[in-house]
S.K.: 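Quick one: the structure is below, questions incoming.
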Amino acid sequence: MDILQILLSESFWAASLRIATPLIFGVLGALICEKSGVLNLGIEGIFVAGAMTGWMAVWLGAGLWGGVLFATLAGGFFGLIHAILTVPLGLSQHVSGLGVTLFATSVSYFSYRTALPTVTSPPRIEPFRPLDIPILSDLPFFGPVLFQQTAMTWLALFMVGLVWYVFNRMALGVAIKAVGDNPNSIDAQGLSVYAFRIGSVVAGSALMALGGAFLTMSAFDAFFFGMVNGRGWVCIALVIFASWRPGKALLGALLFGAFDALQVRLQTEVGALVPSQVFLAAPYVLSIFALVIVARSADYPRALLTPWFKGQR
Amino acid sequence: MIRIEPRQSSSALMTYGIPVFSAVISLLLAAIPLTLSGAPIGASYFEMFKGVFGSKFAFSEMLTRATPLIFTGLAAALAFRARLWNIGAEGQLYLGAMGAVAVGTGVFDVSGMFLIPIIMVMGCAAGASGMVIPTVLKTKFGADEVVTTLLLNFIILFFLQYMLEGPLKDPMGLGWPQSSPILDQGMLPTLMDRMRIHSGLIIALVCAVIAQFMLVRSVWGLKLRAIGENASAARHAGIRVNRTLMSAAIVSGALAGMAGVSEVAGLKGYLTSDLSPGFGYTGIVVAMLAGLSPLGVVAAAIFIASVFVGADSMSRAMGVSSYLEDLVVSTSLLCVLLGGFFARFKFVRVTQKKEVMQ
């Protein structure tokens with residue numbers, strides 16, 4: 001009965017949505033990259049870079065939305081490195097992505113330590129406040145769940161709609177999908193495969209960085225080493241689970257968020273009986289399960305991982 | 001217009017020159033963060049050099065650091081050759097270390113002649129199991145091993161914390177989450193008096209030589225490389241792809257597990273959850289710098305270990321953030337990747353006239 005009580009509580013769903021927010025940004029970002037045919041394992045490092053840059057910009061006085069802007073710029077920058085290495089140069093997307101993760105992480109950590117060499121407790125910023133909309137916020141259940149989220153959660157939900165719209169209603173989305181499925185068809189129309197792929201990777205990476213920025217500017221109010229803790233990798237699993245569909249990506253992120261919120265609450269209920277690590281590891285185990293279940297039927301972009309060179313067929 | 005064309009043959013100069021060149025470039029690029037943090041460049045590089053070659057102790061420390069990197073580098077190199085993306089060496093390292101302390105802390109109180117092999121076999125088996133699971137998920141269910149090995153790293157770390165607070169916890173450890181110490185006779189002998197360098201290095205070098213031989217001269221190595229070049233062609237040629245992948249997974253996981261054995265039974269003596277500062281991930285950089293060649297792994301591990309030990313002592317002397325070493329290591333990976341491109345391709349200027357002729 002306790003579980004039912006948890007599942008019906010407003011705070012549980014509010015927490016689920018909050019935990020899901022960075023993943024929504026991350027899954028959408030990975031989705032855009034992969035739709036164009038490029039796997040971006042730089043995601044974990046881009047999360048770190050977004051978290052650090054966004055926080056640092058706010059701390060230096062750029063304002064919260066200034067922080068968001070700088071985080072996307074940082075994400076776009078590291079995305080561009082990955083794009084150049086993997087698209088025109090056609091290098092291993094796996095290795096380049098891991099390289100970008102290591103590079104973005106070490107740049108972020110080094111910059112943070114160099115800017116703040118001596119602090120022992122991380123300096124805090126004033127993070128995004130929950131958007132309190134009169135009347136709507138007072139609705140039962142939905143009020144607390146939806147209208148106690150910050151502007152970044154709303155931005156994430158908006159992005160789900162935007163990405164869906166681009167891929168389902170716009171020529172741009174059709175072209176990106178074609179680049180990821182059959183690049184020759186785009187080349188035959190006189191369009192640049194390179195431009196679409198590089199653009200997609202940069203845009204996707206900028207979106208990923210917002211997932212990191214959410215951590216330091218909304219979920220918490222400071223930057224910690226190791227705070228991303230595998231969230232980026234979870235997104236790579238979720239995008240396969242979502243079969244590269246924005247709506248399913250939202251669903252996957254929410255399921256993960258709900259599961260994570262549930263494990264925290266179950267831990268306090270039955271913590272004495274089961275070691276806490278079982279609960280902590282459960283979301284990662286769940287991600288692997290989700291991957292195994294859908295792997296065979298997943299609708300991979302057909303040119304994913306395949307470099308394309310102009311003038312070679 | 002400029003076009004990219006593959007080179008007909010890659011010269012020996014390219015094969016050996018590019019990794020060395022990349023390593024040098026990444027070291028030179030460190031001047032940028034050094035300047036930004038206001039450290040004098042020349043003196044910093046001198047401190048870095050001194051930190052590795054300045055004394056017998058410094059040099060032995062570097063080799064101690066290189067030992068686990070040779071193991072994890074080999075783990076990555078062999079798997080990557082078969083295009084089996086084992087990104088889980090970090091977790092497999094901890095599995096190996098857990099295997100070592102599970103049997104090494106008093107279950108078998110036998111002489112070192114027996115205990116050391118038992119510890120090594122157990123560590124290798126534990127490490128291998130960490131790669132067998134994702135490989136089964138790959139071959140049976142088609143689940144991408146990149147994602148599963150990455151996620152397993154986190155799961156294994158939670159498992160480690162549980163083991164260190166529970167079954168493997170040292171009852172004499174004053175409540176700290178650490179394992180009991182490995183019995184004295186189970187410890188890998190040290191190589192030099194009053195130095196930390198231990199015989200794990202010898203084992204690592206032997207593994208590198210065997211791996212090189214197996215990869216280049218054995219049928220198994222040929223199959224492995226054939227799968228890496230083109231898995232479906234290899235299948236048509238009658239190679240049992242899944243079985244060969246599984247054997248590569250076992251060897252790769254076992255090598256990563258040996259990194260854990262060597263750290264815990266060669267260096268630390270007991271297991272804590274901060275045994276490895278990312279040796280598993282750095283192993284990937286080592287393997288790439290080595291061009292996925294086992295003997296190259298030894299050279300690359302020595303370079304990366306020099307960066308770690310040198311930059312560490314430099315950053316303490318100069319007051320620069322020690323994250324500089326990670327910065328140099330990650331830059332070297334990106335450089336060698338870029339260098340690999342120039343080894344395989346060349347830019348060709350295509351004139352208008354030539355295009356008309358086509």
Side-chain angles (χ1 to χ4, degrees), chain A residues 39 41 44-45 81 84-85 88-92 94-114 117 225 229-230 232-234 236-237 240 275-285 287-289 291-298 300 309-312, chain B residues 1 3-6 33 36-38 80 83 85 87 133-134 137-138 140-144 146-148 150-163 165-166 278 281-282 284-285 288 319-331 333-338 340-341 345 350:
Chain A
L39 174 72
L41 291 183
E44 181 82 6
I81 296 179
I84 290 173
L85 289 172
L89 302 185
L91 294 161
S92 163
H94 287 117
V95 183
S96 167
L98 291 168
V100 168
T101 280
L102 294 177
F103 185 59
T105 307
S106 51
V107 167
S108 306
Y109 286 1
F110 182 80
S111 316
Y112 181 82
R113 260 286 159 259
T114 306
F225 295 99
N229 203 16
W233 308 133
V234 167
I236 297 289
I240 301 173
S276 63
Q277 287 88 0
V278 172
F279 294 105
L280 292 169
Y284 298 95
V285 178
S287 299
I288 292 183
F289 263 112
L291 193 63
V292 167
I293 291 165
V294 302
R296 279 278 183 242
S297 57
Y300 286 84
F309 297 110
K310 188 158 179 64
Q312 280 178 8
Chain B
M1 217 187 92
R3 225 166 69 179
I4 298 165
E5 282 186 3
L36 289 178
S37 45
F80 284 16
R83 300 232 167 185
W85 300 102
I87 323 287
I133 297 167
L137 296 181
K138 176 192 170 80
K140 291 267 185 287
F141 301 100
D144 186 17
V146 175
V147 188
T148 50
L150 277 169
L151 291 175
L152 266 176
N153 285 339
F154 293 89
I155 296 170
I156 291 167
L157 268 177
F158 286 123
F159 179 60
L160 171 73
Q161 284 166 16
Y162 163 70
M163 293 302 273
E165 287 171 16
Y281 300 106
T282 314
I284 296 166
V285 184
M288 290 310 295
V320 176
S321 158
S322 62
Y323 286 106
L324 182 76
E325 53 203 59
D326 296 326
L327 203 51
V328 176
V329 168
S330 60
T331 322
L333 176 59
L334 293 177
C335 285
V336 80
L337 201 58
L338 202 59
F341 171 79
F345 297 96
V350 185

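Because only heavy atoms are used, hydrogens play no part in the values below, and waters and symmetry mates are left out as well, while side chains stay in. Just so we're clear, the structure is a prediction, and the values are computed from it rather than from any experiment. The chains referred to below are lettered A, B, ... by the order of the sequence lines, with proteins before strands, and numbering in each begins at 1.
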S.K.: Could you report the tightest heavy-atom contact between B:Ser330 and A:Gly99, atom names first, then the distance?
M.R.: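 Answer, listing the atom of B:Ser330 first, then A:Gly99: CB-O, 4.4 Å.
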
S.K.: Looking at residues at least two apart in the chain, or sitting in another chain, which of them share a side chain to side chain contact (heavy atoms under 4.5 Å, CB included) with A:Gln277?
M.R.: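 Side chain to side chain contact (heavy atoms under 4.5 Å, CB included) list for A:Gln277, sorted by chain: A:Pro275, B:Phe158, B:Gln161, B:Tyr162, B:Glu165.
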
S.K.: Kindly compute the distance separating CG (B:Leu327) from OG (A:Ser111), expressed to the nearest 0.5 Å.
M.R.: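 Separation between the atoms: 8.0 Å.
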
S.K.: Is there a side-chain contact between A:Trp233 and B:Val147, using heavy atoms and a 4.5 Å cut-off?
M.R.: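 No, their side chains stay 4.5 Å or more apart.
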
S.K.: Heavy-atom distances under 4.5 Å only: say whether A:Ile84 touches chain B with side chain, backbone, both or neither.
M.R.: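 Contact with chain B involves no heavy atom of A:Ile84 at all.
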
S.K.: Select one option (side chain, backbone, both, neither) describing which atoms of B:Phe154 are under 4.5 Å from chain A's heavy atoms.
M.R.: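 Interface part for B:Phe154: side chain.
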
S.K.: With ring centroids as reference points, do A:Phe225 and B:Tyr323 lie under 6.0 angstrom apart?
M.R.: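 Under 6.0 Å, so yes.
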
S.K.: What part of A:Val234 gets closer than 4.5 Å to chain B, counting heavy atoms only: side chain, backbone, both or neither?
M.R.: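 When you check distances to chain B, atoms from both the backbone and side chain of A:Val234 fall under 4.5 Å.
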
S.K.: Specify which of B:Asp326, B:Ile155, B:Val328 makes the most heavy-atom pairs with chain A at under 4.5 Å.
M.R.: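 Most pairs with chain A among the choices: B:Ile155.
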
S.K.: Rounded to the nearest 0.5 Å, what separates atom CG in B:Leu152 from atom OH in A:Tyr284?
M.R.: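 Atom-to-atom, B:Leu152:CG and A:Tyr284:OH are 12.5 Å apart.
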
S.K.: Please identify, among A:Leu85, A:Asn229, A:Val100, the residue contributing the most non-hydrogen atom pairs under 4.5 Å to chain B.
M.R.: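 Among the listed options, the one with the most contacts to chain B is A:Asn229.
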
S.K.: Does any heavy atom of chain A fall under 4.5 Å from the side chain of B:Val320, the backbone, both, or neither of them?
M.R.: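 For B:Val320, the contact with chain A is made by the side chain alone.
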
S.K.: For chain A, which of B:Asn153, B:Thr282, B:Leu36, B:Leu324 has the most heavy-atom pairs under 4.5 Å?
M.R.: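 Max contact count across the listed options: B:Leu324.
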
S.K.: Among the options A:Ser106, A:Ala295, A:Gly90, pick out the one with the most heavy-atom pairs lying under 4.5 Å from chain B.
M.R.: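 Greatest number of close heavy-atom pairs with chain B: A:Ser106.
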
S.K.: Would you compute the distance between atom CG of A:Leu291 and atom CZ of B:Phe141 and round it to the nearest 0.5 angstrom?
M.R.: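 Between atom CG of A:Leu291 and atom CZ of B:Phe141 there are 11.5 Å.
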
S.K.: Under a 4.5 Å cutoff for heavy-atom pairs, which residue among B:Thr331, B:Leu333, B:Leu151 has the most contacts with chain A?
M.R.: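 Result: the option with the highest number of such pairs is B:Leu151.
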
S.K.: What do the steps show when you test B:Val329 against A:Leu102 for side chain to side chain contact (heavy atoms under 4.5 Å, CB included), and what is the final call?
M.R.: CA-CA 8 Å; B:Val329 168; A:Leu102 294 177; 5.5 Å; no

S.K.: Quick one: what part of B:Leu337 sits under 4.5 Å from any heavy atom of chain A, side chain, backbone, both or neither?
M.R.: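 Both backbone and side chain.
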
S.K.: Indicate the ring-plane relationship of A:His94 and B:Trp85, choosing parallel, tilted or perpendicular according to the 30° and 60° boundaries.
M.R.: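 Rings of A:His94 and B:Trp85: tilted, as their planes differ by 30° to 60°.
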
S.K.: Heavy-atom cut-off 4.5 Å, strictly under: side chain, backbone, both or neither for A:Pro283 against chain B?
M.R.: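 Contact with chain B is absent: no heavy atom of A:Pro283 under 4.5 Å.
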
S.K.: Counting heavy-atom pairs closer than 4.5 Å to chain A, which one of B:Gly38, B:Gly278, B:Gly142 comes out on top?
M.R.: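 Among the listed options, the one with the most contacts to chain A is B:Gly142.
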
S.K.: Between atom CZ of A:Phe110 and atom OG of B:Ser37, what is the distance when rounded to the nearest 0.5 Å?
M.R.: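 Reported value, rounded in 0.5 Å steps: 4.0 Å.
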
S.K.: How close do B:Ala143 and A:Val292 get, heavy atom to heavy atom, and via which atoms?
M.R.: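 Minimum heavy-atom contact is CB-CG2, 4.1 Å.
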
S.K.: Less than 4.5 Å to any heavy atom of chain B: does that hold for the side chain of A:Tyr300, its backbone, both, or neither?
M.R.: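 A:Tyr300 touches chain B through side-chain heavy atoms alone.
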
S.K.: For each of A:Thr114, A:Thr101, A:Ile288, tally heavy-atom pairs with chain B at distances under 4.5 Å, and name the one with the top tally.
M.R.: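 The candidate making the most pairs under 4.5 Å is A:Ile288.
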
S.K.: At a heavy-atom separation under 4.5 Å, does A:Leu89 approach chain B through its side chain, its backbone, both, or neither?
M.R.: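 Interface part for A:Leu89: both.
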
S.K.: Counting only non-hydrogen atoms closer than 4.5 Å, does B:Leu137 touch chain A with its backbone (N, CA, C, O), its side chain (CB onward), both, or neither?
M.R.: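 Side chain of B:Leu137 only, per the 4.5 Å heavy-atom cut-off to chain A.
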
S.K.: Check whether B:Ile156 gets within reach of chain A through its side chain, its backbone, both or neither, counting any heavy atom under 4.5 Å.
M.R.: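 Answer is neither: B:Ile156 stays 4.5 Å or more from chain A.
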
